[in-house]
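In this text, all values refer to a predicted model and were calculated from it rather than measured experimentally. Heavy-atom basis, side chains included; hydrogens, waters and symmetry copies ignored. Proteins get letters first, then strands, A, B, ... in listed order; numbering begins at 1 in each.
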Protein chains: 2
Amino acid sequence: MASSASEALTPRAREIVAAARLILEQEGPDGLSMRAIAERLGIRAPSLYKHVADKETLEVALISDGLAEIAETFESAAAAGDDPLASIACAYRGWALAHPHLYRLMMDRPLPRDRLAPGLEDRAAATVVAATGGDPDAARAAFAFAHGMVVLELNERFPPAADLDAAWNRGVAAFGRRRERGSGA
Amino acid sequence: MASSASEALTPRAREIVAAARLILEQEGPDGLSMRAIAERLGIRAPSLYKHVADKETLEVALISDGLAEIAETFESAAAAGDDPLASIACAYRGWALAHPHLYRLMMDRPLPRDRLAPGLEDRAAATVVAATGGDPDAARAAFAFAHGMVVLELNERFPPAADLDAAWNRGVAAFGRRRERGSGA
DNA sequence: GTCTATACCCGGATAGAC
DNA sequence: GTCTATCCGGGTATAGAC
């Protein structure tokens, strides 16, 4: 199943993307230079340009891979528990905290929609919409809440003593599908 | 009333901060170089260092000023309408959309708490806590929601057709103080 | 308080040899 | 496909003259 945009790249280019990701996750965005990527592969920076057009292409590949991973994570989470929105929220937070620099790279700018695999963005969104009972306003509000919580947590914006789990629960409860009488199926 | 941290700076330093703010708001963070600031003031970059220690000090001043403005905005909003949380949310969104680059400078990193005027952060937070009926979890969730909405809107993350006002209303309703029977006073 | 000159670092990217 | 050499741009910041 082709879920990663970097699969359209040559094998060598995929190695370069993989090296870039390691550097990004370990050293942050300031460490992600073409020179550093080349060094990790044991070559010189100019050689990279035989395989990748430019740095921006590399970043698009990283963003695309991250999006695909989030979509997969959402689908697993939604299928797992009896409270899809809570499961998705938990998965979202977990993924973001596990990949802070990649998460920021993905979120801190407009999506390069014209360079992503078609349907990728919708795939991630669909599970959230479903979990909010098909209400797009609630889905967007829930997305905003989750992103806000994650990014404020990453940026150490809350007081150290703050109970972030409680705040998460408060938000998830606010946007969850209203339980219907009887079965939800 | 001393609400702005840059009031502790010399008059010339405040002129520099003002120039920096104009550049930041008009050209974004990449345009905010010491050279550009100096040029706007009709001097050379090295001269700035007679008045300001370094660039980071300048950024702290910008952040501090922005925080003070937000706190003032919140206080006015909370006092104005009959639904404080909705008023604050509206003020928050309005301020952020009016100052996108400054907003990001303020939010995209940990707060330099040790370099801010004491009580400044709490002052902004207090109105939100009050508007959520004193529930800190709800206040944090509301903060996260508002920040998420604003930053996703700034980053053009929602579909162009999305009704963001509706999403805002959905979130504000979710975190607002539960109306008590009779009067709220 | 401003200047010139400059040190020192970094980055992305290209040309052309091998 | 990799290399060396290099271009060209940018940035913060300091030294020392005036």
Enquirer: Examine the side chains of A:D135 and A:T132 and answer whether a donor and an acceptor come within less than 3.5 Å of each other.
Expert: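 There is no such pair between these side chains.
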Enquirer: Could you check how far CD of A:E39 sits from C1' of D:dC3, rounded to whole Å?
Expert: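 Those two atoms, CD and C1', are 16 Å apart.
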Enquirer: Tell me whether the side-chain N/O atoms of A:R44 come closer than 4.0 Å to OP1 or OP2 in D:dG1.
Expert: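 Answer no for this pair, as no side-chain N or O of A:R44 is under 4.0 Å from OP1 or OP2.
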Enquirer: Tell me which nucleotide among D:dT2, D:dT4, C:dT2 gets nearest to the side chain of A:S47.
Expert: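 Closest of the options to the side chain of A:S47: D:dT2.
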Enquirer: Sequence neighbours excluded, which residues qualify as side chain to side chain contact (heavy atoms under 4.5 Å, CB included) partners of A:A80?
Expert: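 Applying side chain to side chain contact (heavy atoms under 4.5 Å, CB included) to A:A80 gives none.
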Enquirer: Step by step, work out the salt bridge (Lys or Arg N to Asp or Glu O under 4.0 Å) result for A:R40 and A:E27.
Expert: CA-CA 13 Å; A:R40 179 156 307 215; A:E27 302 175 30; 3.5 Å; yes
Enquirer: Can you build the contact string for nucleotides 5-18 of chain C? Use B for base contact, S for sugar-phosphate-only contact, and - for no protein heavy atom under 4.0 Å.
Expert: B-----BBBBB---
Enquirer: Are the side chains of B:E25 and B:H101 in contact, using a 4.5 Å heavy-atom criterion?
Expert: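 Answer no - side chains too far apart.
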Enquirer: Going by side chain to side chain contact (heavy atoms under 4.5 Å, CB included), name the residues that satisfy it together with B:R35, two or more places apart in sequence or in a different chain.
Expert: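 For B:R35, the residues satisfying side chain to side chain contact (heavy atoms under 4.5 Å, CB included) (neighbours in sequence not counted) are B:S33, B:A45.
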